[in-house]
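Below: one structure, written as C-alpha cells.
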Amino acid sequence: MNNKKYFIRPIKIEDFVELEKWWRSYENKCQYVPKRNLLPNNGLGGCVVEKENKIIACAFLYLTNSDLGYIDYLIADPLYREDDREYMLLKLAVYTTEVAKKNGCETVWAMTKNKKLLKMADKAGFFEISKEDFKVVYFINNDY
C-alpha cells in the first residue's frame with residue numbers, strides 16, 4: 001500500500017450523497033439503492049474507509065438481538081482504482097468485524113457472490129468461507 005493516509009470511521013449522514021452516487025453507478029450490477037430505513041441504525045450503522053478526506057468504501061453492520069452480527073451492502077467508489085483498493089476493503093471488513101465483536105457478537109456473517117471479494121477473504125486467511133451455494137429468500141411488503 002502507498003503511504004497516503006487513510007482511516008476508518010463511523011458513517012455520517014453526509015456520506016449518503018456519495019454512497020447513493022456509487023449505488024446508482026452500479027445500478028446494472030446491484031439490485032437497488034437501499035432506502036436508509038432498511039439499513040442499520042437508519043443508515044448510520046457501519047463504517048467507511050477514508051483516504052485524503054474522501055470516502056473510498058463503506059460497509060453496514062447489523063447488530064441483532066443475539067450474539068450474531070451481519071455485514072452487508074459493502075460498496076466502494078467505482079472510480080477509485082488505486083493499488084491500495086483491495087487493502088482498504090480488507091481493512092474495512094476487518095475493522096467492521098471488530099466493531100461487531102466489541103458489541104458482543106460471537107459470530108459475524110456476510111454474504112457475497114463477488115468472486116474478487118471471496119478471493120480476497122480467502123487470501124486473508126482469518127475468514128471462513130462456506131462451500132455451500134446459498135440463495136437469499138426475502139419478503140417485500142406488497143400489502144398482499
Side-chain angles (χ1 to χ4, degrees), residues 1-130 132-141:
M1 179 171 138
N2 62 29
N3 293 328
K4 295 180 181 175
K5 260 194 172 169
Y6 79 95
F7 67 99
I8 300 171
R9 62 165 173 78
I11 298 168
K12 298 179 193 172
I13 194 73
E14 52 269 18
D15 294 330
F16 271 86
V17 173
E18 193 67 20
L19 296 176
E20 287 177 355
K21 276 196 269 183
W22 295 353
W23 272 308
R24 286 190 212 333
S25 73
Y26 284 116
E27 224 172 354
N28 295 332
K29 294 180 182 153
C30 65
Q31 189 175 355
Y32 61 94
V33 176
K35 294 186 282 182
R36 284 191 38 225
N37 66 322
L38 298 177
L39 297 169
N41 197 21
N42 202 30
L44 299 179
C47 305
V48 297
V49 62
E50 192 175 276
K51 178 179 171 184
E52 298 174 346
N53 299 317
K54 182 178 179 344
I55 59 172
I56 304 301
C58 175
F60 291 90
L61 174 61
Y62 292 84
L63 297 172
T64 69
N65 62 353
S66 69
D67 292 341
L68 171 70
Y70 179 65
I71 299 172
D72 204 350
Y73 294 109
L74 174 68
I75 189 162
D77 181 347
L79 301 177
Y80 188 84
R81 295 294 176 191
E82 292 189 31
D83 292 343
D84 58 358
R85 179 184 170 98
E86 184 176 306
Y87 176 83
M88 285 197 286
L89 287 171
L90 181 60
K91 287 295 183 188
L92 178 61
V94 170
Y95 185 89
T96 306
T97 301
E98 290 300 319
V99 170
K101 287 167 57 177
K102 286 178 185 169
N103 277 278
C105 294
E106 194 175 297
T107 300
V108 181
W109 281 8
M111 291 190 296
T112 186
K113 64 180 183 178
N114 184 305
K115 291 184 186 340
K116 285 184 182 180
L117 286 175
L118 288 168
K119 188 175 182 180
M120 183 177 70
D122 188 42
K123 190 168 102 178
F126 49 81
F127 295 109
E128 186 174 319
I129 301 170
S130 68
E132 295 85 13
D133 193 16
F134 291 97
K135 299 291 183 202
V136 176
V137 178
Y138 55 93
F139 168 78
I140 299 175
N141 186 358

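These values consider heavy atoms only, across backbone and side chains, with no hydrogens, waters or symmetry-generated copies.
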Which heavy atom of [X] sits nearest to which heavy atom of [Y], and what is that distance?
{"X": "Leu39", "Y": "Phe16", "result": "CD1-CE2, 3.8 Å"}
{"X": "Ala57", "Y": "Leu89", "result": "CB-CD2, 3.5 Å"}
{"X": "Val49", "Y": "Leu92", "result": "N-CD1, 4.1 Å"}
{"X": "Tyr95", "Y": "Ile8", "result": "CD2-CG2, 3.2 Å"}
{"X": "Cys58", "Y": "Ile11", "result": "SG-CD1, 3.6 Å"}
{"X": "Trp22", "Y": "Ile55", "result": "CZ2-O, 3.4 Å"}

To the nearest 0.5 Å, tell me how far [X] [atom1] sits from [Y] [atom2].
{"X": "Cys47", "Y": "Ile71", "atom1": "SG", "atom2": "CD1", "value": "8.5 Å"}
{"X": "Asn41", "Y": "Arg36", "atom1": "CG", "atom2": "CZ", "value": "9.5 Å"}
{"X": "Phe60", "Y": "Ile75", "atom1": "CZ", "atom2": "CD1", "value": "8.5 Å"}
{"X": "Thr96", "Y": "Leu61", "atom1": "OG1", "atom2": "CG", "value": "6.5 Å"}

Among all residues two or more places apart in sequence or in another chain, which pass the side-chain hydrogen bond (donor to acceptor under 3.5 Å, both in side chains) test with [X]?
{"X": "Lys115", "value": "none"}
{"X": "Ser130", "value": "none"}
{"X": "Lys116", "value": "none"}

Legend entry - Check: Asp77 main-chain N/O paired with Arg85 side-chain donor or acceptor under 3.5 Å: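 Pair found, side chain donor or acceptor close to backbone of Asp77.
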Legend entry - Working for side chain to side chain contact (heavy atoms under 4.5 Å, CB included), residues Ile56 and Glu82: CA-CA 10 Å; Ile56 304 301; Glu82 292 189 31; over 6 Å; no
Legend entry - Lys21 and Glu18: CA distance, side-chain angles, deciding distance, salt bridge (Lys or Arg N to Asp or Glu O under 4.0 Å) verdict: CA-CA 5 Å; Lys21 276 196 269 183; Glu18 193 67 20; 3.3 Å; yes
Inset, instruction - Could you verify whether a donor N or O on one side chain and an acceptor N or O on the other, from Lys51 and Tyr80, lie under 3.5 Å apart? - result: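 Distance-only check passes for Lys51 and Tyr80.
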Legend entry - Side chain proximity check, Asp15 to Arg9, heavy atoms < 4.5 angstrom: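 Yes, side chains in contact.
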Sequence neighbours excluded and cut-off under 3.5 Å, please list the side-chain donor-acceptor pairs for residues 99-109, or say none.
unit_1, atom_1, unit_2, atom_2, d
Lys101, NZ, Glu98, OE2, 3.3
Asn103, ND2, Val99, O, 2.8

Legend entry - Those residues that, when tested against Asp72, pass salt bridge (charged side-chain N to carboxylate O under 4.0 Å, His left out) (two or more places apart):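 Partners of Asp72 under the salt bridge (charged side-chain N to carboxylate O under 4.0 Å, His left out) test: none.
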Legend entry - Non-neighbouring partners of Lys12 that pass salt bridge (charged side-chain N to carboxylate O under 4.0 Å, His left out), sequence neighbours left out: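 In terms of salt bridge (charged side-chain N to carboxylate O under 4.0 Å, His left out), with neighbours along the sequence ignored, Lys12 is linked to no residue.
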Inset, instruction - Anything under 30° is parallel, anything over 60° is perpendicular, the rest tilted; go ahead and classify Trp23 against Tyr73. - result: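 Taking Tyr73 first and then Trp23, their aromatic rings stand perpendicular (interplane angle over 60°).
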Inset, instruction - Before giving the answer on side chain to side chain contact (heavy atoms under 4.5 Å, CB included), spell out for Leu74 and Leu117 the whole-Å C-alpha distance, their side-chain angles and the decisive distance to 0.1 Å. - result: CA-CA 10 Å; Leu74 174 68; Leu117 286 175; 3.8 Å; yes
